[in-house]
Each structure stands twice: as C-alpha cells, then as structure tokens.
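A short write-up of the structure that comes next.
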Number of protein chains: 2
Amino acid sequence: MTGKTDTRSRILDIAEAAVLEKGFEATSIEEIVAGAEISRGGFFYHFKDKNALARAMLERYIEVENALYDDLFARARELNDDPFHCMLIGLKLLAEMLEEMPTGHPGCVIASTAYQDRLFDDGVRELNRQAILGWRKRFRGMFEEIAEIYEPREEVNLDALGDMVSGVVEGGLVLQRALREHNNASEQIMLFRTYLKLLFSPK
Amino acid sequence: MTGKTDTRSRILDIAEAAVLEKGFEATSIEEIVAGAEISRGGFFYHFKDKNALARAMLERYIEVENALYDDLFARARELNDDPFHCMLIGLKLLAEMLEEMPTGHPGCVIASTAYQDRLFDDGVRELNRQAILGWRKRFRGMFEEIAEIYEPREEVNLDALGDMVSGVVEGGLVLQRALREHNNASEQIMLFRTYLKLLFSPK
DNA sequence: GCGTCAACTGGACTCACGGTACAGTGGGGG
DNA sequence: CCCCCACTGTACCGTGAGTCCAGTTGACGC
C-alpha cells in the first residue's frame with residue numbers, strides 16, 4: 001500500500017496513458033473511472049475538475065522528464081568528463097531511448113497542452129512555460145560549458161540553442177505522430193547532434 | 001460576390017482564426033455561426049459535421065502553406081541561382097516572415113491536428129501525413145541539389161534533413177506558443193540555417 | 001466499543017455542445 | 001412561372017462535464 005493517495009495515482013496512470021494515446025479532450029472522465037474502477041464521485045473527490053487533472057498530470061510528467069534528463073546526462077558524464085562529449089553521448093542515449101519506446105513514443109504532453117491551452121487555466125499554462133524555461137536553462141548551461149572549451153565555428157545564441165533541444169524533440173514527436181513512422185524523433189535528435197559536432201568541433 | 005461559396009469560405013475564415021487561437025475542440029460551432037452571421041442549419045448545410053470542417057480547413061491551410069513555400073523559394077531563386085544560397089535565402093525569408101506576423105504566429109494547424117487526431121477521421125489524418133511527406137519531398141529535393149555541388153561535411157540522411165525543416169518550424173511554434181514569446185520559431189529557423197551553413201560549406 | 005474522519009459509492013440533476021431532421025423561405029435563373 | 005440553391009428556425013436527441021448530496025465502509029484514536 002502506497003498510502004492514502006493510492007487511488008489518485010492510479011487515476012493519473014490511467015489518464016496519462018489515455019491522454020497520450022488520444023489527446024486530452026478525447027479522453028472522457030467516464031473511461032478514466034471505468035479504467036480505475038472507481039465511481040464518478042470518486043474521481044471528483046480527488047480532482048475538482050478536468051483542469052485539476054491536467055495540472056496534476058503535467059506536474060508529474062515534467063518531474064519524470066526532468067529526472068530522466070538528470071539521469072541521462074549523469075550517465076553520460078560518467079562515460080566522459082568532457083562537457084562536449086558528455087552532451088554528444090547524452091543525446092545519443094536520448095535518441096536510443098526514444099527508439100526503444102515500444103509503442104513508438106510517449107507523445108510529449110507539452111506540445112499537446114500548448115495547442116489546446118484554452119481548455120486549461122493559467123496555472124497549467126504557466127507550468128508548461130516553466131518546464132520549457134527549465135530545459136532552456138539546463139541546456140544553455142551545458143552549452144556554455146562547452147563553448148568555454150570549444151569555440152563555436154559560428155556565432156549562436158545559446159538560449160536559442162538550448163531551446164532547440166526541446167524544439168527538436170517536440171518537433172520530432174509531432175512528425176512521428178502525424179507520419180505514423182517510428183523513429184523520426186530519434187532521427188531528428190541525431191541530426192541535431194551532428195549540428196553540435198559541426199558547431200563545436202575544433203577546426 | 002465570389003460566387004456560390006461565399007458563405008463557406010467565410011465560415012472557414014472565422015473557424016481558422018478561432019482554431020488557431022484556441023484549438024479545435026475549444027472552438028464551438030455556436031461561436032462560428034455567430035461570427036459568420038449564419039444559422040446553425042446554415043453551418044451544417046456546408047459541412048456535415050465538425051470533422052468535415054477540420055478537413056476543409058486543413059486542405060486550405062496546406063494549400064496556402066505550399067503556395068507560400070513556392071513563392072518564398074522562387075523569390076530566393078531569383079536572388080541567387082545556386083541551390084545552396086537559394087536555400088539559405090529562402091530560410092532567411094521564412095524566418096523574417098514568421099517574425100513579421102503581427103499576432104506572433106499562425107500556429108501551425110499540423111501540430112494541433114496531430115495531437116488531437118482521435119477527434120478526426122482517417123481522411124484528416126492522412127491529409128496531415130501527406131502534407132508533411134510533401135514537405136519532406138520538397139526539401140529533400142533541394143538538399144539533393146545542394147549535396148551534388150557541396151559535399152556535406154558529415155553524412156546525413158537527406159529525408160531526415162528534409163523533415164527537419166518541418167520539425168524545426170513545428171517545434172519552434174510549439175515553443176513560441178507555450179512560452180508566449182515572439183520569435184522562437186524564427187530563431188529556430190535561423191539556427192537551422194546555421195546548421196546548413198556548417199554542413200555544406202566547403203572546407 | 002464508540003465516534004469520527006477520510007475515502008469513497010451512487011444517483012439525480014443541470015448545462016453546453018455536437019448532431020439530426022425537417023419544414024419553410026427568398027431570390028436569381030431557365 | 002416554377003424550381004432549386006442557399007439558407008433560416010425550431011424542435012429534438014445523446015454525450016459528457018460538472019454539481020449536490022445522502023449514505024457507506026473501514027481504519028484509527030480514545
């Protein structure tokens with residue numbers, strides 16, 4: 001027993017799976033309560049409305065995603081202490097991870113939320129925004145470290161380059177989803193990796 | 001008078017504006033008919049359901065987008081006959097165009113549709129898919145031309161590189177939308193342009 | 001053993017929205 | 001003069017979100 005909020009997290013599990021597969025609007029509370037084997041009243045006991053569910057899902061998703069990046073680049077750092085090579089290894093690991101996802105992809109909740117944001121309140125929108133800003137900061141920091149050692153061959157805005165990691169992942173997932181192919185996202189990440197190789201490799 | 005389908009295109013105008021601002025689900029038929037000053041019956045006379053509306057919107061959007069790319073790269077070609085420089089100019093023009101959009105962005109319908117695709121039928125999904133495949137083909141063709149003259153410094157899959165144009169635009173628009181900033185999409189395109197410069201520039 | 005509180009169940013209800021059906025209408029063309 | 005296209009207007013249905021609330025069940029403190 002995981003304590004008092006056993007049901008709550010079960011709801012989140014079911015909801016997340018359904019939302020990633022079909023989108024937020026297409027997921028009814030009815031099917032969530034059926035999947036979680038609770039009553040409608042039970043659902044609204046935990047979440048005052050669908051918006052509260054979205055927020056909780058997003059919070060959890062962002063936390064998991066951040067932990068994933070932490071882990072990924074920590075492993076990369078173990079393999080190579082140089083920030084540039086660490087970055088290259090980390091991106092490779094990320095690409096491999098996306099490829100291994102059996103269902104194809106987790107289908108980033110961020111993009112999904114961004115394009116339906118009028119369904120949600122300011123809290124959800126802000127959460128989304130802060131997540132991306134967090135990734136910007138994370139990757140910008142890594143690129144700064146790299147740039148100190150390897151002078152970039154072309155001048156680039158490091159904030160924008162940091163955003164590009166998120167952007168390439170998001171964009172790749174959109175392609176993957178729309179094309180119904182399997183490794184567009186990982187392919188896009190590998191292309192981005194090639195970019196970094198060209199950008200930071202010494203002349 | 002533009003002919004028999006005056007009202008139909010007015011509906012599409014209103015709907016497109018609303019959908020780009022708020023998303024498809026958040027746009028009610030009620031508000032569309034109010035905006036277009038017609039009756040509900042009138043709406044369903046032109047579109048059998050919301051799905052038909054989505055399909056028509058997507059068709060029109062893709063057509064406009066393709067015409068835009070045609071025009072953009074035709075203008076670029078006038079300025080420079082070399083395929084590589086033409087590409088660089090075209091991307092610059094694209095970035096400038098995105099920046100000039102007063103409201104910030106058109107908010108790509110493709111990504112929006114991709115993430116809510118369970119609301120739509122196979123026709124809509126296929127339309128979406130074909131649009132992206134069309135862009136892949138277009139840009140792949142251009143990159144092939146370039147690669148014939150300028151040998152890439154690193155080996156890249158040209159299909160994936162073609163997809164990257166769409167991906168960077170889509171991803172940039174997602175960032176822009178989520179961050180509520182103004183030129184993320186154009187910044188991302190310019191970064192991609194730098195990528196191409198590094199990739200194809202002679203040693 | 002008794003009360004109480006959290007975590008529900010279940011049912012009745014409202015409202016918004018998508019969608020159907022269909023009868024009627026006005027105006028331009030043959 | 002009639003017909004038909006492009007609607008209007010109204011009535012109606014189903015679904016799903018969200019509200020309200022009365023009642024149940026089981027763990028825990030006393």
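Within every chain, numbering begins at 1; the chains are lettered A, B, ... in the order of the sequence lines, protein sequences first and strands thereafter.
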Listed once per pair and sorted, the side-chain hydrogen bond (donor to acceptor under 3.5 Å, both in side chains) pairs that draw on residues 85-98 of chain B, sequence neighbours left out: B:Asp82-B:His85, B:Lys92-B:Glu96
Sequence neighbours excluded - salt bridge (charged side-chain N to carboxylate O under 4.0 Å, His left out) pairs with any residue from residues 51-62 of chain A: A:Asp13-A:Arg60, A:Glu16-A:Arg60
Within residues 126-137 of chain A or reaching into it, pairs that qualify as side-chain hydrogen bond (donor to acceptor under 3.5 Å, both in side chains) - sequence neighbours excluded: A:Asn66-A:Trp135, A:Glu126-A:Arg129, A:Glu126-A:Gln130, A:Arg136-A:Asp163, A:Arg136-B:Glu181
For atom CD1 of A:Ile32 and atom P of D:dG16, their distance in whole Å: 12 Å
All side chain to side chain donor-acceptor pair (under 3.5 Å) counterparts of B:Glu63, not counting sequence neighbours: none
Salt bridge (charged side-chain N to carboxylate O under 4.0 Å, His left out): pairs with one or both residues in residues 33-53 of chain B, sequence neighbours excluded: B:Glu30-B:Arg40
Value in whole Å for how far the P atom of C:dA7 lies from CZ of A:Arg10: 14 Å
Contact under 4.0 Å: A:Tyr45 side-chain N or O vs C:dA7 OP1/OP2: yes
Tabulated below should be each protein N or O lying under 3.5 Å from an N or O of nucleotides 16-19 of chain C; please produce it.
residue	atom	partner	partner atom	Å
C:dG18	OP1	B:Ile29	N	3.4
C:dG18	OP1	B:Lys50	NZ	3.2
C:dG18	OP2	B:Ile29	N	3.0
C:dG19	OP2	B:Lys50	N	2.8
C:dG19	N7	B:Arg40	NH2	2.5
C:dG19	O6	B:Arg40	NH2	2.8

Any B:Thr7 side-chain nitrogen or oxygen under 4.0 Å from OP1 or OP2 of D:dC7: yes
Interatomic distance, B:Leu119 CG vs D:dG16 C1' [rounded to whole Å]: 13 Å
A:His46 vs C:dC8: side-chain N/O to OP1/OP2 distance below 4.0 Å: yes
Approximate separation, where rounding is to 0.5 Å, of A:His46 NE2 and A:Ile11 CD1: 5.0 Å
Separation of C:dA7 P from A:Ile11 CD1 (nearest whole Å): 12 Å
